[in-house]
J.: 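Handing you this structure, nothing more for now.
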Amino acid sequence: MNAPRSEFLKVLTERGFIHQTSDFEGVDAAALENRLTTYVGYDCTGPSLHVGHLLSIMMLHWLQKTGAGKPITLMGGGTTRVGDPSGKDESRKLLTVEQIEDNKNSIKTVFSRFISFGDGKTDATMVDNAEWLTKLNYIEFLRDVGRHFSVNRMLSFDSVKLRLDREHELSFLEFNYMILQAYDFVELNKRYGCVLQMGGSDQWGNIVNGIDLGRRLGTPQLYAVTCPLLTTASGAKMGKTASGAVWLNADMLSPYDYWQFWRNTEDADVGRFLKLFTLLPMDEIAKLGSLQGAEINEAKKVLATEATALLHGREAAELAAETAQKTFEQGELAESLPTIEVPSNILKEGLGVLTAFGPDYAKLVPSSSEARRQVKSGGLKVNDQTVSDERASLGMSDLTSEGVIKLSFGKKKHVLLRAV
RNA sequence: GGGGGAAUGUCCCGAGCGGCAAAGGGGGCGGACUGUAAAUCCGCUGGCUAUGCCUUCGUAGGUUCGAGUCCUACUUCCCCCA
């Protein structure tokens, strides 16, 4: 792999986005000529994307910023009805068409934070593969596209092999997923002149299938670029918190919690994440990354604020930083912590601690039983006092002078109950 | 087509003479130590209106006071013989 000549690949390479490329020089050349129309596909399996998707979104961001080409965000309105078997042990429950539509609309909102849409040459476009996939005619499709796929070869792909090796069911429906994704690539080439597909490294096989299909169907040369699968330095899959995935939609995960997620990055990951998830110049990142010992906390704060600012805006990021500073460094009560409203008449009657921490109110623990266990191990606090009696109840007298009750789970997770 | 084996706690792997909320790991969570880090050590790891009740061992029935455990059928997978 020679040094890239295009700004686009230079940025991607030095920031650590690239896992594999099908033809580095080819992509480089297309980027130099600013004709690197590129797509990334997003399934509509959930109501929000999560940090795992962020890498590919950032790649589209750089694509646009360096002027290398036009970004296309492909919503998998059609493919989600089939379900990608990659990396999963079991097939997902089939989502209804309505659910998929809802998810799609909810997911869509995030992209405009990172790339700008419009009609200009490098403005991004959003398309939905339901547009063409739902209109396919089975027999025609088999004859035109299906004949180019070898089942022998399909069986050798990891996404399929994993299921077979583990003796798990793989339905014919899912087996078709890679064919549809390959077809998407070709279709996007025809419609938009798209020549590059990017995605996570688990998508490599699917993307290469698209390139092969394109060659057989006579498209210009297509390319693949994949980014590494995100793991933390200690090997854990990245993107999970106590309360689930690290969502990108603000209504699924507050900017404060999002900031916290980045703030808790492992030491060894700080430099890498700054390169991937912020737009800070490389020399500044190098400076931050070289901090040692406790000083590295400063770099983590920068990472948290910059990453949050990208997604939720500068103002929300700084508020989150400030909230964290009050809560963690000054030990004060920050009123900007995530807040749950509780009708005052419920407080007057007394609200059981277990219930208050549970899924009906603070949502800090998933069940009363879990709350009970946490009381035993000293993990729950009310107004910074460890809860020792699981039968205690919260009342109006627990309200602080600010009119709230601070509930804490562990050392890091805090929620305010506010009487209304 | 015939014969033999397997499916376990809805994160994963995996023990389980008929008395089982079910051994042991991994992962996760909490506590201690720290720097809101890692490593290490300790505890927890089905739900609930909770000294009790309810739901869990591929699916559906059956035997039994009692079934993850025995029987029958079905589903899926693996191995051997054709």
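This structure is a prediction, so every number in the text was calculated from the model and none was measured.
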J.: Side-chain donor-acceptor pairs under 3.5 Å in residues 277-287 of chain A, sequence neighbours left out?
T.:
from, atom 1, to, atom 2, distance (Å)
Thr278(A), OG1, Leu274(A), O, 2.6
Thr278(A), OG1, Leu280(A), N, 3.3

J.: Are Glu390(A) and Arg372(A) close enough for a salt bridge, meaning some N to O gap below 4.0 Å?
T.: yes

J.: Scan Ser367(A) against the nucleic acid and name what it touches under 4.0 Å (heavy atoms): base, sugar-phosphate only, or nothing.
T.: sugar-phosphate

J.: Tell me: CG of Leu303(A) to P of rG35(B), nearest whole Å?
T.: 21 Å

J.: For Leu364(A) and rC29(B), give me the distance from atom CG to atom C1', rounded to whole Å.
T.: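 Rounding to the nearest Å, CG of Leu364(A) and C1' of rC29(B) are 13 Å apart.
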
J.: Please classify the nucleic acid contact of Gln260(A) as base, sugar-phosphate, or nothing, using heavy-atom distances under 4.0 Å.
T.: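 The answer is base, as Gln260(A) lies within the cut-off (heavy atoms under 4.0 Å) of a base atom.
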
J.: What's the closest nucleotide to the side chain of Trp259(A) if the choices are rG35(B), rU36(B), rC48(B)?
T.: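 Taking heavy atoms from C-beta onward, the closest nucleotide is rU36(B).
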
J.: Counting only Watson-Crick or G-U wobble pairs whose two distances fall under 3.5 Å, which nucleotide matches rC17(B)?
T.: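 Base partner found: none.
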
J.: In terms of the nearest nucleotide of RNA chain B, which residue is placed more toward the 5' end: Gly293(A) or Glu370(A)?
T.: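 With Gly293(A) and Glu370(A) compared, the 5'-side residue is Glu370(A).
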
J.: Counting only Watson-Crick pairs (N1-N3 plus N6-O4 or O6-N4) and G-U wobbles (N1-O2, O6-N3), all under 3.5 Å, who is the partner of rC48(B)?
T.: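 The answer is rG52(B), by the H-bond criterion.
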
J.: Which residues, if any, of residues 332-346 of chain A bring a heavy atom under 4.0 Å of RNA chain B?
T.: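 Under 4.0 Å from RNA chain B: no residue of residues 332-346 of chain A.
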
J.: Check the distance between rG35(B)'s C1' and Phe328(A)'s CZ and give it to me in whole angstrom.
T.: 12 Å

J.: Measure the distance from CD on Glu295(A) to C1' on rA38(B) and round it to the nearest whole Å.
T.: 18 Å

J.: Is rU64(B) paired to anything, Watson-Crick or G-U wobble with both distances less than 3.5 Å, and if yes, which nucleotide?
T.: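 Across all strands, not a single nucleotide pairs with rU64(B).
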
J.: When the C1' atoms of rU51(B) and rG61(B) are compared, how many Å lie between them, rounded to an integer?
T.: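 These two C1' atoms come out 37 Å apart once rounded.
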
J.: Which whole-number value in Å describes the distance from Leu354(A) CG to rA50(B) P?
T.: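 In whole Å, rA50(B) P lies 10 Å from Leu354(A) CG.
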
J.: Answer yes when Arg143(A) and Glu140(A) have at least one side-chain N-carboxylate O distance shorter than 4.0 Å, and no when they do not.
T.: no

J.: Given that both distances must come in under 3.5 Å, which nucleotide forms a Watson-Crick or G-U wobble pair with rG43(B)?
T.: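 Across all strands, the one nucleotide that pairs with rG43(B) is rC29(B).
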
J.: So, Gln203(A) versus Asn206(A): side-chain donor-acceptor pair below 3.5 Å or not?
T.: yes

J.: Given rG35(B), rA38(B), rA50(B), which nucleotide is nearest the side-chain atoms of Lys300(A)?
T.: rG35(B)

J.: Base, sugar-phosphate, or nothing for Leu380(A), non-hydrogen atoms under 4.0 angstrom?
T.: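 No contact.
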
J.: Is there a Watson-Crick or G-U wobble partner for rC57(B) with both distances under 3.5 Å, and if so, which one is it?
T.: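 Its partner is none (no Watson-Crick or G-U wobble pair with both distances under 3.5 Å).
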
J.: Work out how far the P atom of rC20(B) is from that of rA67(B), and round it to whole angstrom.
T.: 13 Å

J.: Send over the distance from Trp262(A) CH2 to rA37(B) P, rounded to a whole Å.
T.: 17 Å

J.: Looking only at atom C1', what distance separates rC57(B) and rU10(B), rounded to whole Å?
T.: 12 Å

J.: With P as the reference atom in both, quote the distance from rU76(B) to rC65(B) in angstrom, rounded to an integer.
T.: 35 Å

J.: Say you pick atom P in rG68(B) and the same atom in rU56(B); how far apart are they, in whole Å?
T.: 10 Å

J.: Which value, in whole Å, describes the distance between the C1' atoms of nucleotides rG58(B) and rU69(B)?
T.: 15 Å

J.: Whether Lys376(A) contacts rC42(B) is assessed here as follows: a side-chain N or O lying under 4.0 Å from the phosphate OP1 or OP2. Is that the case?
T.: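 No, because none of the side-chain N or O atoms of Lys376(A) sits under 4.0 Å from OP1 or OP2 of rC42(B).
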
J.: Between rG24(B) and rG35(B), how far is it from one C1' atom to the other, in whole Å?
T.: 35 Å

J.: Among rG30(B), rG35(B), rC48(B), find the nucleotide with the atom closest to the side chain of Phe409(A).
T.: rG30(B)

J.: Does a sphere of radius 6.0 Å around CD in Glu315(A) hold more than 12 heavy atoms from other residues, nucleotides or ligands, not counting ones at 6.0 Å or beyond?
T.: no

J.: Any base atoms under 4.0 Å from Thr327(A), or only sugar-phosphate, or nothing? Heavy atoms, all strands.
T.: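 Contact class for Thr327(A): none.
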
J.: Could you give the CZ-to-P distance, from Arg272(A) to rA37(B), as a whole number of Å?
T.: 18 Å

J.: Taking any strand in view, what nucleotide pairs with rA22(B) in a Watson-Crick or G-U wobble way, both distances under 3.5 Å?
T.: none

J.: Is rC13(B) syn or is it anti, if syn means the base angle is within 90 degrees of 0?
T.: anti

J.: Between Asn103(A) and Thr45(A), is there a side-chain heavy-atom distance shorter than 4.5 Å?
T.: no

J.: Just N and O in the side chain of Lys411(A): are any of them under 4.0 Å from OP1 or OP2 of rA32(B)?
T.: yes

J.: Only one of Leu310(A), Val40(A), Leu248(A) passes side chain to side chain contact (heavy atoms under 4.5 Å, CB included) with Ile57(A); say which it is.
T.: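 When side chain to side chain contact (heavy atoms under 4.5 Å, CB included) is applied between Ile57(A) and each of Leu310(A), Val40(A), Leu248(A), only Leu248(A) qualifies.
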
J.: Between Asp267(A) and Lys300(A), is there a side-chain N and carboxylate O pair less than 4.0 Å apart?
T.: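 Yes.
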
J.: Can you tell me if the side-chain N/O atoms of Ser377(A) get under 4.0 Å from OP1 or OP2 in rC44(B)?
T.: no

J.: Closest nucleotide of RNA chain B for Gln292(A) versus for Gly379(A): which of these residues is on the 5' side?
T.: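 So the residue in question is Gly379(A).
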
J.: May I ask you to evaluate whether Lys413(A) reaches the phosphate of rG30(B), defined as a side-chain N or O under 4.0 Å from OP1 or OP2?
T.: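 Checking rG30(B) against Lys413(A), a side-chain N or O does come within under 4.0 Å of OP1 or OP2.
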
J.: Using purine N1 to pyrimidine N3 plus N6-O4 or O6-N4 for Watson-Crick, or N1-O2 and O6-N3 for G-U wobble, both under 3.5 Å, which nucleotide pairs with rU76(B)?
T.: rA6(B)

J.: Which nucleotide, rA38(B), rU36(B), rC48(B), lies nearest any side-chain atom of Glu266(A)?
T.: rA38(B)

J.: So which nucleotide from rU36(B), rG35(B), rA50(B) ends up closest to the side chain of Arg372(A)?
T.: rA50(B)

J.: Hey, can you tell me if Phe111(A) and Tyr42(A) have their rings parallel, tilted or perpendicular (30° and 60° cut-offs)?
T.: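 It falls in the tilted class, 30° to 60°.
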
J.: Is there a Watson-Crick or G-U wobble partner for rG1(B) with both distances under 3.5 Å, and which nucleotide is it?
T.: rC81(B)

J.: Angle between ring planes, Trp262(A) versus Tyr258(A), binned at 30° and 60°: parallel, tilted or perpendicular?
T.: perpendicular

J.: Arg373(A) near the nucleic acid: base, sugar-phosphate alone, or nothing, with a heavy-atom cut-off under 4.0 Å?
T.: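 Sugar-phosphate, no base atom in range.
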
J.: Please report the distance separating the P of rC71(B) from the corresponding atom of rA6(B), rounded so that it comes out in whole Å.
T.: 11 Å

J.: Just how far, in rounded Å, is P of rA37(B) from CG of Leu288(A)?
T.: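 Value for this atom pair: 19 Å.
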
J.: Checking ring pair (Phe, Tyr, Trp, His ring centres under 6.0 Å) for the pair Tyr256(A)/His414(A): CA distance, chi angles, key distance, verdict?
T.: CA-CA 11 Å; Tyr256(A) 169 79; His414(A) 311 280; 7.9 Å; no

